[in-house]
Number of protein chains: 2
Amino acid sequence: MNVELTERKKKVLRSVVDLYIRTAEPVGSKLIAELPDMQYSSATIRSEMADLLAMGYLEQPHTSAGRVPSAAGYRLYVDELMAEYRLSLDETKSISSAIEEKMQKVDKMVEKVAKLVSQATDLPAISVASRYGGATVSRFDLILAGQGSIILVLMLSSDEVVNKLIKLPVQLEENDLKLLAALLNATMTELPVEEFNQALLERVMRSAGAGASLVPIVMEFVVDTLNRQGSTNMAVAGQMRLLGQPEYRDVDKAQRLMTSLDEEALSNLPAVMQNTNGTQILVGPEHVARELKDTSVVMTRFDIGDGMQGMIGVVGPTRMDYAKVTARLSYFAESLSKMFAKPEQPQLPEAGKEE
Amino acid sequence: MNVELTERKKKVLRSVVDLYIRTAEPVGSKLIAELPDMQYSSATIRSEMADLLAMGYLEQPHTSAGRVPSAAGYRLYVDELMAEYRLSLDETKSISSAIEEKMQKVDKMVEKVAKLVSQATDLPAISVASRYGGATVSRFDLILAGQGSIILVLMLSSDEVVNKLIKLPVQLEENDLKLLAALLNATMTELPVEEFNQALLERVMRSAGAGASLVPIVMEFVVDTLNRQGSTNMAVAGQMRLLGQPEYRDVDKAQRLMTSLDEEALSNLPAVMQNTNGTQILVGPEHVARELKDTSVVMTRFDIGDGMQGMIGVVGPTRMDYAKVTARLSYFAESLSKMFAKPEQPQLPEAGKEE
DNA sequence: TTTAGCACTCATTACCTTTGAGTGCTAAGC
DNA sequence: GCTTAGCACTCAAAGGTAATGAGTGCTAAA
């Protein structure tokens, strides 16, 4: 359809989007004409805007109102027109120091990241972490803990360590445990989840001797853990920030969007994870989702070590400050990747420091 | 001031509150007169209501409007007038089955409970868990995990088990670890957090031999863990549900309340924890908090085993269905207490079940 | 090709009127 | 002496109309 926009048209379009992002009000020709670096009169702007309207880049809420960017307009804006937003030193600093505070476990981390991103962008944020490879157990340990309690420690291929306290009616000796641990290590390490079946259970139990009654419990826990590992972990934070946006003064609208977030986001994101890995922007109706029409999503991937990848994103009105949001999100992703790249520096002896 | 209310006045007051809770609209004399078990005419009701107004139990938004309960009116209502709400079988079932799904760790649990409570009451909910006694380490274990990695396993006095993967540049033998573990168990168990000081560190390091470089790392982790154990854990969920309430159609109001929740709740709750341990209801201006005027809080304690106590509560408009909310909350608290009372039933061998 | 000018459109706002729910008071009834 | 019917009065909410003004489209001149 349209071959190419003239430079002037682009300039006008950019101005419209910029202004609309700032004010959330339809922008008129006069306003643009008064912009410092705009050398044409409002009449000229008017005719340019009429063209842009015809081309589908702008929309008109009603006859005598200013113009508003259409979805296509936003698309063009984010793809070509948008000025790079340069993060100020303050901004990078506050993001970095926020991330600095060590994140403990992965599931906790996901929540914290969501919260931080939401804070940094003043929009609702989503954070997802998921493993691509299935983890396996790389090592079993059994520790006797007194009064018939046993601690089961699993070390996973992902270098994570999980444990479970098992209270057994049976009395077991230190030696029984050693034997059982050896057996488990011999038969159950490096196995993907799928292979933990009834057959394996029976085979192992037969050789287990005194500790046989422990085996099913161990297996259940292993399967549980590996499944949990494989699953996706996601968190939403700062939903309330939507209310700060003028387009969601309508409570019903805000509510509808927010309730759809939990389920909706989930179904959308896998698709994105497989695609490009820069920052991705979904504008309005491009969504698969049903009623997120005047809503946009900006998201970025980041690397976590150990076979995991993460994604952070924000949700907001189509009229959001894409430049700023993108910049902050990217910086966030970068910082996170960096942080995970040097995990748990071989720590130098230094005690008593607290978060 | 007022000595006692006549039965009839009480009946009228109860009707006003009941109706207002249902409709969120000022209630007029005619409406009450038409109530099935009300044997007086609207004129009589009117004069009774005038009295109640004078006594401060009712308020009048404007001259020609119906009446609305005042804070004092709500207070009287929840203290004396409120009819017990009987949970239906359906309700108890859905609450129970929601809780049934095992909650893993305490911090995860807090969030889950908040979510469940919010769901059950359709209001924003808070959930807090905190330990009263300081935990101690009751057992140390060190496990060699290949490539210079060591797994440190702590068993706490609360029966929780935590671990940490330590990557050390130094190479340590199985035997070194055994010795170190024995040393740690001899010197660092049963100690409250406060005693982990520089002196202890130095003393232990002196006797540690080959594993000396590990000691500071272990200690840092221990201190960290014990502090975390002592700290309060709290979660807020379902903030968005506020928007469903007509009094918070005003977005600004909802937003103000919600932002104040995070900090405010924190400062309020300790006070309550120490007080009564039934269900407690804070009505409107009784709050310590600043701008929670037409907001009430209903909360209940519940027992977690192992030196912990929990609290669940909801936040909502003063006009909330106290009876229903209280009933559900109490049932929740009971179920939770019960669940924690029989933790981790000595499990019978049974494998392959998943959540 | 650009711009000034002007008639026109239409959402928003302000202002006024109407409506009706609900009250307070008084006088009659039980 | 309670209770209740009746009635004038109040006032928020709803509806309807007019004024306002931002912004447009078009035309004619520069």
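The figures here come from the full heavy-atom set of this structure, side chains too, leaving out hydrogens, waters and symmetry mates. Convention: sequence-line order gives letters A, B, ...; per-chain numbering from 1.
Here the closest non-hydrogen pair linking Tyr248(A) and Leu243(A) is O-CD2, 4.1 Å.
With distances taken from any side-chain atom of Gln60(A) to the nucleotides dT23(C), dT24(D), dT3(C), the minimum falls on dT24(D). Looking at the side chain of Met49(A), the nearest of the listed nucleotides dA4(C), dT24(D), dG25(D) is dT24(D). Checking dT3(C), dT23(C), dT24(D) against every side-chain atom of Arg46(B), the shortest atom distance belongs to dT23(C). Distances from the side chain of Thr44(B) to the nucleotides dC25(C), dT4(D), dG25(D) place dT4(D) closest.
For Glu34(B) and dA21(C), the CD to C1' distance is 12 Å, given to the nearest whole Å. Remark: C1' of dT24(D) and CD of Glu48(A) are 16 Å apart, rounded to the nearest angstrom. Distance CZ (Arg8(A)) to C1' (dT3(C)): 11 Å, rounded to an integer number of Å. What separates NE2 of His62(A) from P of dG21(D) is a distance of 16 Å, to the nearest Å. Per the geometry, CG belonging to Leu52(A) stands 15 Å off C1' belonging to dT24(D), to the nearest Å. Remark: P of dG22(C) and CD of Glu59(B) are 18 Å apart, rounded to the nearest angstrom.
Judged by distance alone with a 3.5 Å cut-off, no donor-acceptor contact links the side chain of Arg67(B) to the base of dG24(C). Side chain Ser64(B) to base dT10(D): a donor-acceptor pair is found below 3.5 Å.
To the nearest 0.5 Å, atoms CG (Asp321(A)) and CZ (Arg22(A)) are separated by 10.0 Å.
Nucleotides of DNA chain D nearest to Ala43(A) and Ser47(B) differ in position, and the one nearer the 5' end is that of Ser47(B). Toward the 5' end of DNA chain D, the nearer of the two residues Ala65(A) and Gln39(B), judged by each one's closest nucleotide, is Gln39(B).
An angle of 20°, rounded to 10°, separates the two end axes of the helix from dT1(C)-dA30(D) to dC30(C)-dG1(D), each defined over five pairs.
Using a 4.0 Å cut-off, no side-chain N or O of Ser42(A) falls inside it from OP1 or OP2 of dG23(D). Phosphate proximity of dC10(C) to Thr63(A): present, with a side-chain N or O under 4.0 Å from OP1 or OP2.
Side chain of Arg46(A) to backbone of Ser29(A): no donor-acceptor contact under 3.5 angstrom is found. Side-chain atoms of Arg301(B) do not come within 3.5 Å of backbone N or O of Met311(B) as any donor-acceptor pair. At least one donor-acceptor pair under 3.5 Å links the side chain of Ser70(B) to the backbone N or O of Tyr57(B). Checking side-chain atoms of Lys11(B) against main-chain N and O of Asp37(B) turns up a donor-acceptor pair under 3.5 Å.
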